Enquirer: 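Before we start, here is the structure in question, set down as structure tokens.
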Amino acid sequence: MMELRRLRVLHALAQHRTVAATAAALHLTGPAVSQHLAALEREAGVPLLEKQGRVLAFTPAGRLLVSHAEVILDDLAAAESALAAVAGNGSGTVRVAAFASAARGLVPRVWGGPVSLRLVVQEPAAALESLRRQDVDIAIVHSYSLLPRDIPPRCEERVLLEEPVLLASSRAERGPVRLADYADHPWLVPSSDLSCYEMIQRACGAAGFVPSVVAESADFAVLVALAAAGAGVALVPRMALPDGPLGVHLHSLEEPLTRKVFALTRSGLARRPDVRTVLDELERAARER
């Protein structure tokens, strides 16, 4: 019979790729990881790993066992969450990954409650990877109506809000604006490594033009300040707007563009009392914005 702890080691190796990284993640030594893997192979009765150059690769049997280990470990987490729901009172520590504007606009509203939080600010792709590696309990991510995001398998979704994307400009306009009317304007855009950059490229492409970019920044506050100074125009999700007076005109779009913000947990984990408390408080904070 295969031992659960050895399945955990195999699953961790699939996530972390190397024995050294797996050992660090599980607080084991490298030789201990290798011993667990060798013992698991003996229990399985088939090779699970093979050397390819200087790295270990999974055999077909190894990949099959990893997929079953993921199901087993998720079911175990669900069982532990269900038991905690019976016995717990909602206290504990919950690890959260959130993109910058959610970390600024939502997380502070749930801080200081009965649940202790640990926060890391990450873009959605990195937050989903942290969730997959079980480095966090909740990943707060976003998708755009023009740029959907796939939900990883065996994850549960809690929608927090859907917000408009607005055009920031130094000029006042009446009513919703047509994006195509800004084809000849200079554009202020997020950094090209962010999904928000791709959102703007798609929105402008759908309007029939390629934006002429004069400034890039990972900080929407910078883009809004530049728009206020007349440097160009920018598309900004409402929650990404900085606090206080903006000095800029915000226009809704004739062809609406929206951003959905949602929280993801691994299957079953949302039943854990402390995780459920944080999700409920995030939902409340989103409603109150």
Side-chain angles (χ1 to χ4, degrees), residues 98-109 121-125 127 140-150 159-263 282 285-289:
F99 61 95
S101 54
R104 176 176 59 86
L106 296 179
V107 175
R109 296 167 180 252
V121 177
Q122 293 179 325
E123 280 298 296
I140 304 175
V141 300
H142 63 68
S143 65
Y144 289 97
S145 50
L146 282 177
L147 191 63
R149 188 177 301 279
D150 292 333
V159 176
L160 301 178
L161 60 89
E162 189 161 2
E163 61 178 347
V165 175
L166 306 170
L167 183 92
S169 169
S170 61
R171 292 171 46 188
E173 303 284 355
R174 180 176 297 179
V177 299
R178 294 176 65 250
L179 209 53
D181 292 341
Y182 293 84
D184 295 329
H185 285 60
W187 277 81
L188 317 165
V189 302
S191 301
S192 58
D193 58 333
L194 304 181
S195 59
C196 301
Y197 175 89
E198 179 62 23
M199 173 272 294
I200 290 173
Q201 297 298 316
R202 292 195 183 192
C204 293
F209 68 95
V210 176
S212 174
V213 175
V214 298
E216 291 187 22
S217 174
D219 188 347
F220 275 109
V222 172
L223 302 181
V224 171
L226 289 172
V233 296
L235 288 176
V236 185
R238 186 184 295 279
M239 191 164 62
L241 292 168
D243 296 327
L246 302 178
V248 70
H249 297 281
L250 299 172
H251 310 291
S252 58
L253 301 177
E254 192 173 273
E255 294 290 334
L257 177 60
T258 60
R259 181 171 77 167
K260 182 175 74 170
V261 178
F262 51 101
L282 285 169
R287 286 196 306 269
E288 293 176 353
R289 282 194 58 81

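Note that this is a predicted model, so its numbers are computed, not measured.
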Enquirer: Measure up the Phe209 and Trp187 rings against each other and bin them: parallel (under 30°), tilted (30 to 60°), perpendicular (over 60°).
Expert: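 Aromatic pair Phe209/Trp187 classed tilted.
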Enquirer: Is the closest side-chain heavy-atom distance between Leu223 and Val189 below 4.5 Å?
Expert: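 Not in contact.
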Enquirer: In sequence, state the C-alpha distance, the side-chain angles, and the governing distance for Ser195 and His142, and then conclude on side-chain contact (heavy atoms from CB on, under 4.5 Å).
Expert: CA-CA 9 Å; Ser195 59; His142 63 68; 3.1 Å; yes
Enquirer: Arg259 vs Ser101, test: side-chain contact (heavy atoms from CB on, under 4.5 Å). Steps then yes/no.
Expert: CA-CA 12 Å; Arg259 181 171 77 167; Ser101 54; 3.1 Å; yes
Enquirer: Please report the interatomic distance CD(Gln201) to CG(Leu147), rounded to the nearest 0.5 Å.
Expert: 11.5 Å
Enquirer: Identify the heavy atoms of Phe220 and Leu235 that sit nearest to each other, and give their distance.
Expert: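 Minimum heavy-atom separation between Phe220 and Leu235: CE2-O, 3.5 Å.
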Enquirer: CZ of Arg238: more than 12 outside heavy atoms within 6.0 angstrom?
Expert: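 Open.
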Enquirer: Please round to the nearest 0.5 Å and tell me the distance separating atom CG of Leu226 and atom OG of Ser170.
Expert: 11.0 Å
Enquirer: Can you classify the ring geometry of His185 versus Tyr182 as parallel (below 30°), tilted (30 to 60°) or perpendicular (above 60°)?
Expert: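 The rings of His185 and Tyr182 sit tilted, inter-plane angle from 30° to 60°.
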Enquirer: Counting C-beta onward and ignoring hydrogens, is there a side-chain heavy-atom pair between Val107 and Ile140 closer than 4.5 Å?
Expert: yes
Enquirer: Please find the pair of heavy atoms, one from Ala207 and one from Leu179, that lie closest to each other, and give the distance.
Expert: CB-CB, 4.0 Å
Enquirer: Any idea which heavy atoms bring Ser217 and Val222 closest together, and the distance?
Expert: OG-CB, 3.5 Å
Enquirer: So, for Leu257 and Ser145, which heavy atoms are closest and what is the spacing to 0.1 Å?
Expert: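 Closest approach of Leu257 to Ser145: CD1-OG, 3.2 Å.
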Enquirer: When rounded to the nearest 0.5 angstrom, what distance separates OG1 in Thr258 from NZ in Lys260?
Expert: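 The NZ atom of Lys260 is 9.5 Å from OG1 of Thr258, to the nearest 0.5 Å.
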Enquirer: Within the supplied structure, the quantity of interest is the number of heavy atoms (other residues, nucleotides, ligands) at a distance under 6.0 Å from Arg171 CZ; does it exceed 12?
Expert: no
Enquirer: Counting neighbours of CD on Glu162 that are heavy atoms of other residues, nucleotides or ligands and sit closer than 6.0 Å, is the number greater than 12?
Expert: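 Enclosed.
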Enquirer: Under 4.5 Å between any side-chain heavy atoms of Asp181 and Glu173, yes or no?
Expert: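 No; the side chains remain at least 4.5 Å from each other.
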Enquirer: Just do the side-chain contact (heavy atoms from CB on, under 4.5 Å) check on Met239 and Leu161 with the steps written out, would you?
Expert: CA-CA 10 Å; Met239 191 164 62; Leu161 60 89; 4.2 Å; yes
Enquirer: Before you tell me yes or no, could you show the steps for Leu188 and Val233 under side-chain contact (heavy atoms from CB on, under 4.5 Å), namely the whole-Å CA-CA distance, both residues' side-chain angles and the distance that decides it to 0.1 Å?
Expert: CA-CA 6 Å; Leu188 317 165; Val233 296; over 6 Å; no
Enquirer: Would you check if the side chain of Ser143 reaches a backbone N or O of Pro148 as a donor-acceptor pair within less than 3.5 Å?
Expert: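 Answer holds: no.
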Enquirer: Measuring only between side-chain heavy atoms, which start at C-beta, is Arg109 closer than 4.5 Å to Arg289?
Expert: yes
Enquirer: Any idea which heavy atoms bring Pro186 and Ala231 closest together, and the distance?
Expert: CB-O, 3.5 Å
Enquirer: Run through Leu246, Leu166, Leu167, Val224 and flag the one making a side chain to side chain contact (heavy atoms under 4.5 Å, CB included) with Val236.
Expert: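 The side chain to side chain contact (heavy atoms under 4.5 Å, CB included) with Val236 is passed solely by Val224 among Leu246, Leu166, Leu167, Val224.
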Enquirer: Write down the atom of Tyr144, the atom of Cys196, and the distance for their closest heavy-atom approach.
Expert: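 Heavy atoms of Tyr144 and Cys196 come nearest at OH-SG, 2.9 Å.
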